[in-house]
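Just below is one structure, and these are the notes that go with it.
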Amino acid sequence: MVAADLPIGDRIRHYRGGRRQDAVAGLVGISPDYLSQIERGLKVPSLPILYALAQELGVPAAALLSEQAPAEETAVDTAEAAVGRDMRRWAASLMTSADTQARPQRGEGWA
């Protein structure tokens, strides 16, 4: 199957809803340009990227591969839920980096 025959890009765009491409791409670990190419059918994502996109969009990976039209009742997270999830991830990353920076290395004591 060629990339243009796959509806994956349309499904990702549908489930992404109002969320910005660069925000979703950043959380998945790909460039916004690559996500744009996937959505336009120019590129086909690898399975790990497809799975990461599905996780970020809150849908099963099968929903992105299904041949049936996306159901409206499985709409994307509300903007509030998406922002909340993004804020929790951001806070967790700050706590993790602050925790590792404040922790003394092996053999070192607190000054």
Side-chain angles (χ1 to χ4, degrees):
M1 219 181 252
V2 248
D5 295 337
L6 296 174
I8 293 172
D10 292 335
R11 292 176 188 291
I12 292 170
R13 187 178 300 119
H14 169 79
Y15 289 119
R16 184 169 56 82
R19 295 177 65 190
R20 292 175 40 156
Q21 260 184 351
D22 59 343
V24 173
L27 291 169
V28 171
I30 60 176
S31 72
D33 185 49
Y34 185 56
L35 179 57
S36 173
Q37 291 174 1
I38 293 170
E39 288 185 355
R40 290 181 288 143
L42 301 176
K43 298 279 185 180
V44 178
S46 66
L47 287 177
I49 290 175
L50 182 72
Y51 181 74
L53 281 165
Q55 289 280 320
E56 185 56 42
L57 298 174
V59 298
L64 300 179
L65 296 171
S66 174
E67 292 184 9
Q68 297 176 357
E72 290 302 318
E73 51 277 353
T74 53
V76 186
D77 299 343
T78 63
E80 185 176 318
V83 168
R85 184 178 58 242
D86 294 346
M87 291 297 289
R88 285 190 299 277
R89 284 185 180 168
W90 175 75
S93 72
L94 286 179
M95 291 175 67
T96 302
S97 65
D99 186 37
T100 57
Q101 289 174 0
R103 202 178 292 154
Q105 299 298 319
R106 183 178 299 231
E108 294 179 6
W110 291 98

Looking at Glu56 and Arg19, is there a salt bridge between them, counting it only when a charged N and a carboxylate O are closer than 4.0 Å? yes

Within a strict 4.5 Å, meaning less than it, do heavy atoms of the Val24 and Ile12 side chains meet? no

Heavy-atom pair with the smallest gap, counting every atom of Pro60 and Ala54: C-CB, 4.0 Å

Apply side chain to side chain contact (heavy atoms under 4.5 Å, CB included) to Ala52 and list each qualifying residue two or more places apart in sequence or on a separate chain. Val28

Can you name the closest pair of heavy atoms from Leu64 and Ile8 and give their distance? O-CG1, 3.5 Å

Pairwise distance CG(Leu35) to CZ(Arg40) - rounded to 0.5 angstrom: 10.0 Å

Applying side-chain hydrogen bond (donor to acceptor under 3.5 Å, both in side chains), name anything that partners Gln37, two or more places apart in sequence or on another chain. Asp33

CG of Leu53 to CZ of Arg11, rounded to nearest 0.5 Å, is 14.0 Å

By side-chain hydrogen bond (donor to acceptor under 3.5 Å, both in side chains) - contacts of Ser31 (at least two apart): none

Which distance, rounded to the nearest 0.5 Å, do you find between the CG of Asp10 and the CD of Glu39? 9.0 Å

By side-chain hydrogen bond (donor to acceptor under 3.5 Å, both in side chains) - contacts of Tyr51 (at least two apart): Gln55

All heavy atoms of Ile49 vs all of Tyr34, minimum pair found to be CD1-CE2, 3.8 Å

Approximate separation, where rounding is to 0.5 Å, of Ile38 CD1 and Ile30 CD1: 4.5 Å

Tell me every residue that passes salt bridge (charged side-chain N to carboxylate O under 4.0 Å, His left out) with Asp22, counting only those two or more places apart in sequence or in another chain. Arg20

